[in-house]
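Worksheet for the structure shown next.
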Amino acid sequence: MIPSRLILNGRTIMKQNTLSFEKQLSDWCANTFATCFPDSDLSTFTLGVTPGKNEQFGDYQCEAAMKLSKKLRTNPRAIGQAFIDHAVLPGLIEKIEIAGPGFINIFLKNEGISIQLTDMLTDENLGLPNKGNNQTVLIDYSSPNIAKPMHIGHIRSTVIGNSIDRLYRALGYNVIADNHLGDWGTQFGLIILGYREFADHDALKTAPVEELERIYVESYNRSKEDGTWRDRAKAELVKLQQGDKENRALWATFIQLTLSEFNKIYKRLDVSFDLYRGESFYNDDLAKTVEKLEMAGLSEESDGALICNLEEDGLAVAIVRKSDGGYNYTTTDIATVASRTEEFSPAEIIYVTDERQQLHFKQFFHICKQLGIETKLTHIWFGLMRLPEATFSTREGNVIKLEALLDEAEARALEVVKASSPDMDETQQKEVARAVGIGAIKYTDLSQNPQSLVTFTWKKALAMDGNSAPYLQYAYARIASVRDKYATKFPGINPDEFPIKLTEEQERRLALKLIRFPSAVESAARLHRPSVMADYLYDLSQAYSSFYQNVPFLKAEQGPRESRIRLCTLTASVLKKGLSLLGIETPERI
RNA sequence: GCGCCCGUAGUUCAAUGGAUAGAAUAGUGGCCUCCGAAGCCAUUGAUCUGGGUUCGAAUCCCGGCGGGCGCACCA
């Protein structure tokens with residue numbers, strides 16, 4: 001429970017506190033309700049505050065009176081009145097009132113808001129609480145297949161997973177980012193055979209992954225028509241699995257070639273992993289895993305295969321050992337969880353994949369539980385990306401390579417930069433175009449609910465105005481410019497020696513957005529939804545742009561000028577930090 | 001057949017069961033002698049359909065309609 005003197009004194013002690021401002025207000029509400037109704041158990045209710053949606057209804061609102069109405073057999077307005085009668089107002093609250101059916105509206109004092117702002121300004125973490133407390137969370141994302149180029153379908157797992165990674169780190173979790181590569185499986189028999197028979201070694205040098213894919217596709221097609229080819233491929237696979245030196249070496253080469261290409265893309269996307277443990281890493285655990293299942297009585301024979309029958313639990317049958325004795329992904333994933341749990345003892349393992357794998361994850365999560373693995377397992381899924389006319393398919397030849405997407409983004413951004421900053425030197429123009437182009441791509445993916453259908457269009461992916469990364473980057477760059485101008489025009493004055501005073505409407509609105517930053521980060525992480533963060537940042541930028549355009553600051557007199565410069569500084573810090581949580585850069589000039 | 005997801009302005013997206021459904025873009029009309037117009041201000045325009053639960057439903061439940069995905073040896 002929060003020591004309410006913290007806000008009763010009108011001052012929070014953010015740096016020593018693990019609670020965001022919004023959480024403190026919420027706790028204050030809950031405590032007040034507890035005082036009002038000491039005889040009732042209210043612990044099952046959420047009695048917190050939410051940011052006000054309409055200024056006339058206050059800065060924060062509490063809807064608890066209506067929710068408690070039934071339990072307390074009292075009408076909501078009477079509950080609200082009891083709340084007001086019992087409430088000891090913290091110093092930063094101006095007033096509270098009941099409105100409508102029973103909303104409790106909370107109005108903050110301007111000085112109260114200013115204190116929050118000042119606290120944020122002096123905290124290098126901008127008020128972010130340490131929620132993780134060094135608990136380990138393992139995040140499994142991106143996870144592309146070896147020997148296939150990444151196309152635009154891969155960007156979502158990579159970018160969304162990376163943002164969740166960043167959000168958790170920012171909240172004090174010890175994150176392990178693990179790229180669970182598809183580096184094992186029947187396709188390698190086909191690739192090895194194809195490589196031996198018809199590899200184009202020049203192409204392997206210039207575009208290795210494309211060539212490997214070509215080899216795979218051609219070999220696959222042959223295996224469908226030619227039984228001999230199929231048998232030979234299978235023989236190569238068996239040799240690989242039995243540890244044949246040559247095949248192992250080839251396999252290792254394929255991985256090396258592919259990874260070096262992937263790493264170029266990861267570098268462009270500013271994504272990095274702590275581990276690159278592919279499926280092969282767990283290969284030796286598979287037999288043991290199946291043994292455990294059998295011992296636990298969780299598996300049974302069926303048509304020559306070994307299965308886990310989950311039909312009683314409303315799930316389909318999962319095969320854990322094929323009739324030819326081979327293992328498949330359910331087994332690998334169970335082994336992976338066991339290994340990760342043993343090695344890292346994570347509080348949670350988070351998987352980020354597309355929607356097609358929902359059933360698979362439900363199945364193996366279920367089996368893990370039956371095996372007694374307590375680790376919290378979470379599957380974050382997102383909708384497949386498709387083209388307006390069809391889904392992607394290598395066979396249709398309508399895939400858009402990730403590399404091409406990034407190139408195009410940078411090229412289009414460069415046009416815009418050249419048009420609006422013709423005086424910038426060319427190196428810098430390119431550098432800005434890179435940050436802006438990549439930012440635009442990422443933002444498009446991160447700013448929407450991942451679970452809805454996504455249709456790829458160039459127009460959408462490369463949006464540069466309106467609700468887009470460049471809009472946020474532009475806001476940031478303008479502030480950077482203001483800061484520089486201030487320093488030149490008023491040398492020797494330290495804005496921090498002036499208090500923050502909120503006199504204009506636009507300043508107050510901006511300030512209210514700023515103090516919500518920590519709770520926005522918490523929500524985004526808790527819901528595993530980077531879009532919550534993106535929404536918040538866009539909201540903040542809109543508030544800033546409106547402030548910027550309508551309130552003079554460099555031209556204001558001393559006092560208000562410094563106060564506003566401090567608001568600008570804090571906005572810049574929040575934008576920079578917030579965008580970094582989306583993996584988006586903030587150039588000082590764009 | 002069974003299961004999961006989605007259906008909101010012309011278009012692309014928002015909205016922990018909360019007050020008058022927000023933005024962007026496209027359209028219309030304004031704002032650069034003034035801190036960066038990649039911007040700001042104003043304006044037109046939407047919850048697929050029929051029931052139900054609730055003080056209160058875009059949101060929850062049931063039934064339609066439309067779209068996507070998954071259901072035994074690919075991951």
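Lettering follows sequence order; numbering is per chain, from 1.
- Base-pair partner of B:U54: not found among the strands shown (Watson-Crick or G-U wobble, both distances under 3.5 Å).
- Taking the C1' atoms as reference points, B:C69 lies 16 Å from B:A75, given to the whole Å.
- Using a 4.0 Å cut-off between charged nitrogen and carboxylate oxygen, A:K513 and A:D539 count as a salt-bridge pair.
- Using Watson-Crick or G-U wobble geometry with both donor-acceptor distances under 3.5 Å, B:G22 finds its partner in B:C13.
- When all heavy atoms are compared, the tightest approach of A:S20 to A:S519 is OG-CB, 4.1 Å.
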If a protein heavy atom is under 4.0 Å from the base, mark B; if only from the sugar-phosphate, S; if neither, -; do that for nucleotides 19-30 of chain B going 5' to 3'.
BB--SSS-----
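- Residue contacts for A:S481: at a heavy-atom cut-off of 4.0 Å it reaches a base atom on one of the strands shown.
- The base of B:A38 is not paired with the side chain of A:Y474 by any donor and acceptor separated by under 3.5 Å.
- Using a cutoff of 4.0 Å between basic side-chain nitrogens and carboxylate oxygens, A:R412 and A:E415 are not scored as salt-bridged.
- B:U43 and B:U47 have their C1' atoms separated by 22 Å, given to the nearest Å.
- Side-chain atoms of A:Q549 lie closest to B:A37 of the nucleotides B:G36, B:A37, B:A72.
- Of the listed residues (A:E410, A:E585, A:Q429), just one forms a side chain to side chain donor-acceptor pair (under 3.5 Å) with A:R434, and that residue is A:E585.
- For the P atoms, the distance from B:G17 to B:C6 is 13 Å, rounded to whole Å.
- A:S302 contributes a side-chain N or O that forms a donor-acceptor pair with the base of B:A72 under 3.5 Å.
- Comparing atom distances between the A:N550 side chain and each of B:C41, B:C35, B:G39 picks out B:C41 as nearest.
- Between A:R516 and A:E522, none of the side-chain N atoms (NZ, or NE/NH1/NH2) sits under 4.0 Å from a carboxylate O, so this pair counts as no salt bridge.
- Within 90° of 0 lies the glycosidic angle of B:C32, which makes this nucleotide syn.
- The partner of B:C71, taking Watson-Crick or G-U wobble pairs whose two distances both stay under 3.5 Å, is B:G1.
- Between the side chains of A:T289 and A:Y282, no donor N or O sits under 3.5 Å from an acceptor N or O.
- B:U28 is paired with B:A42 under the Watson-Crick or G-U wobble criterion, all donor-acceptor distances under 3.5 Å.
- Spacing between B:G45 and B:A24 at atom C1', rounded to whole Å, works out to 14 Å.
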